[in-house]
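Lettering follows sequence order; numbering is per chain, from 1.
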Amino acid sequence: MSVVTRFAPSPTGKLHIGSVRTALFSWLYARRHRGEFLLRIEDTDRQRSTEEATQLIFDSMSWLGLEYNRKPVFQSQRLESYRAKASELVEAGKAYYCTCTKERLDAIRADAIAKNLKPRYDNKCRNLGLKPTTGTLYTIRFRNPMDGTVVVDDMVQGRVDYQNAELDDLIIIRTDGTPTYNFAVVVDEIDMGCTHVIRGDDHLNNTPRQINLFHAFGKPVPVFGHVPMILSPEGRKLSKRENEASVLEWRSEGYLPEAVLNYLVRLGWSHGDQELFSVKEMIENFDVKKIHRSPASLDHKKFQWINHQHMMKLSPAKAIKLAVPFFKERGIEVDDSERSQQIFEAQQSRSHTLLEFVEKSVYFFSDVKEYDEKAAAKHLTSKSKPLLAELRQSLASLPDWNSSAIHAKISEIVQEREIGFGAIAQPVRIALTGSTVSPGIDVTIELVGREIVLQRMDFAIEWIDKRSG
RNA sequence: GUCCCCAUCGUCUAGUCAGGUCUAGGACACCAGCCUUUCACGCUGGCGACGGGGGUUCGAAUCCCCCUGGGGACGCCA
């Protein structure tokens with residue numbers, strides 16, 4: 001039988017990276033076994049589900065390249081199926097109508113907690129044989145077995161046993177006719193033909209209930225794999241409110257989708273000592289057995305390093321294409337010219353993210369508005385002024401405008417005057433970029449372009465005059 | 001409270017299932033040095049962990065028990 005996995009997020013906010021990782025693992029598992037990967041939107045909670053959140057899920061999946069094989073399934077469009085399935089169970093005596101009010105349920109729950117007992121339904125309606133009547137609110141409850149053991153044979157967690165006595169009769173259809181989570185999931189898993197369910201380990205405790213439901217339907221139970229959660233850098237639970245919990249936030253911070261996947265796949269999973277993976281390598285080497293059982297914390301520095309490694313593999317043409325929107329946000333139009341690509345190549349080893357590349361490269365594309373104060377005070381002085389002036393004249397008449405010719409010219413001046421390379425490089429760097437940080441000065445001069453270089457050097461010389469005068 | 005899961009450097013992890021080759025390996029970070037026109041990249045070296053206590057065994061990071069610590073579940077949320 002071929003493998004079918006699925007990702008089933010609820011559209012109630014940002015797409016959490018913990019969820020994204022389970023999506024990745026499910027996707028990887030399906031790809032690895034040449035099976036199918038499906039998407040299901042769990043939107044039965046009408047209060048909390050939103051269109052925007054649904055769109056966010058689609059956007060995240062497509063940005064990451066996590067493609068699903070069929071049209072997404074929306075639980076909200078399957079309400080009739082759930083009701084029909086619930087009726088089936090009632091007719092078979094495996095579920096029953098319950099007229100207990102929310103208030104009564106709250107009361108017995110409060111009572112149990114007060115007595116330090118596990119809160120559970122008291123089975124009041126279990127054997128009443130109630131029939132639905134118009135005018136009274138009722139739910140449908142699953143008749144859970146009273147005794148025996150449910151075994152979860154988990155791909156990640158191993159074998160976990162639960163006593164049926166620990167479980168109670170869960171509501172499967174609410175008073176408004178909508179299904180509850182545990183029920184809808186089982187019906188969907190059956191209808192969608194899911195063979196493997198990989199999800200967060202916060203669902204492990206739901207699994208025995210769901211297994212009983214599968215049994216009630218007489219259907220095979222899928223293979224489960226419960227993966228641990230992702231913790232914040234402080235080792236705490238990652239709240240949905242936190243920005244770093246959202247993948248799309250990572251996109252706007254300039255991270256690459258393949259790097260996000262690489263970072264996430266290494267969180268809780270390993271393949272020997274290998275740190276860097278292409279998507280192809282992940283698929284080839286993915287093995288659920290190697291998923292850790294313990295939760296992992298986020299580490300931004302390592303994420304940045306991984307992103308940097310992927311930045312180094314990026315072709316200049318693609319990098320510019322990806323960076324254009326970031327420049328645009330800053331009001332800078334950048335084309336895909338040869339020059340733009342060379343600028344990326346010059347900055348590639350200095351950029352952890354696309355955003356960092358853009359922020360460090362604005363002076364190539366727009367005016368230098370001001371100098372770094374300290375740097376200017378140190379390097380733009382009456383002492384460096386004649387050096388700037390001499391280089392400016394040489395550059396103005398330099399026959400070949402390329403970095404090696406520029407480098408040769410600077411070397412010439414430096415040798416004549418018997419000074420260090422930096423004595424001239426730093427002042428020029430500040431004149432051209434406003435700061436002490438840039439690619440090699442020869443490359444920087446070349447890529448800023450002759451006309452602008454001359455302008456900025458003139459301005460720097462004037463600036464020195466004004467300062468000292 | 002009850003049930004369930006987890007526990008190797010600061011972090012991600014290898015090693016745990018089949019105990020010895022582990023005075024515990026790799027990566028990120030950090031520190032020092034090299035390279036050097038700045039910043040990076042790169043290179044070299046350093047710091048740094050088996051949560052605690054009992055067992056079993058000739059031998060335990062690896063197996064068992066207890067403790068501690070962390071997390072999850074116990075909803076007409078998912």
Rounded distance (Å) that lies between atom [atom2] of [N] and atom [atom1] of [X]:
| X | N | atom1 | atom2 | result |
| --- | --- | --- | --- | --- |
| Leu391(A) | U37(B) | CG | P | 16 Å |
| Leu298(A) | G10(B) | CG | C1' | 15 Å |
| Arg40(A) | A78(B) | CZ | P | 12 Å |
| Gln47(A) | A78(B) | CD | P | 11 Å |
| Asn205(A) | A78(B) | CG | P | 17 Å |
| His300(A) | A29(B) | NE2 | C1' | 13 Å |
| Asn182(A) | A78(B) | CG | C1' | 9 Å |
| Met311(A) | C41(B) | CE | P | 13 Å |

Using a heavy-atom cut-off of 4.0 Å across all strands, would you classify [X] as base, sugar-phosphate, or nothing?
| X | answer |
| --- | --- |
| Arg48(A) | base |
| Arg293(A) | sugar-phosphate |
| Lys378(A) | nothing |
| Glu275(A) | base |
| Asp176(A) | nothing |

- Is the shortest distance from a Lys or Arg side-chain nitrogen in Lys115(A) or Asp111(A) to a carboxylate oxygen in the other one below 4.0 Å? yes

- Message: Could you check whether Lys374(A) pairs with Asp372(A) (Lys NZ or Arg NE/NH1/NH2 to Asp/Glu carboxylate O, under 4.0 Å)?
- Response: no

- Message: Side-chain N or O of His292(A) versus OP1/OP2 of U8(B): is the shortest distance under 4.0 Å?
- Response: no

Under-3.5 Å donor-acceptor pair between [X] side chain and [N] base:
| X | N | result |
| --- | --- | --- |
| Arg120(A) | U2(B) | no |
| Thr436(A) | C39(B) | no |
| Asp201(A) | G72(B) | no |
| Ser10(A) | A78(B) | no |
| Lys102(A) | C76(B) | no |

- May I ask which nucleotide in the shown strands pairs with U37(B), Watson-Crick or G-U wobble, both distances under 3.5 Å? none

- Message: Could you identify the nucleotide paired to C17(B), looking across every strand shown and requiring Watson-Crick or G-U wobble geometry with both distances under 3.5 Å?
- Response: none

- Task: Establish, for the pair Arg141(A) and Tyr121(A), whether the NZ or CZ atom is under 6.0 angstrom from the six-membered ring centre and no further than 45 degrees off its axis.
- Result: yes

With the side chain of [X] defined as its heavy atoms from C-beta on, choose the nearest nucleotide among [options].
| X | options | value |
| --- | --- | --- |
| Arg109(A) | A78(B), C76(B), C41(B) | C76(B) |
| Ser349(A) | A40(B), G10(B), A14(B) | A40(B) |
| Val437(A) | U38(B), G72(B), A14(B) | U38(B) |

- Do the side chains of Ile140(A) and Ile171(A) get nearer than 4.5 Å, heavy atoms only? no

- Kindly say whether the aromatic ring centers of Trp463(A) and Tyr371(A) come within a distance under 6.0 Å. yes

- Message: Would you say that more than 12 heavy atoms from the other residues, nucleotides or ligands in this model lie under 6.0 Å from the CD of Gln47(A), or not?
- Response: no

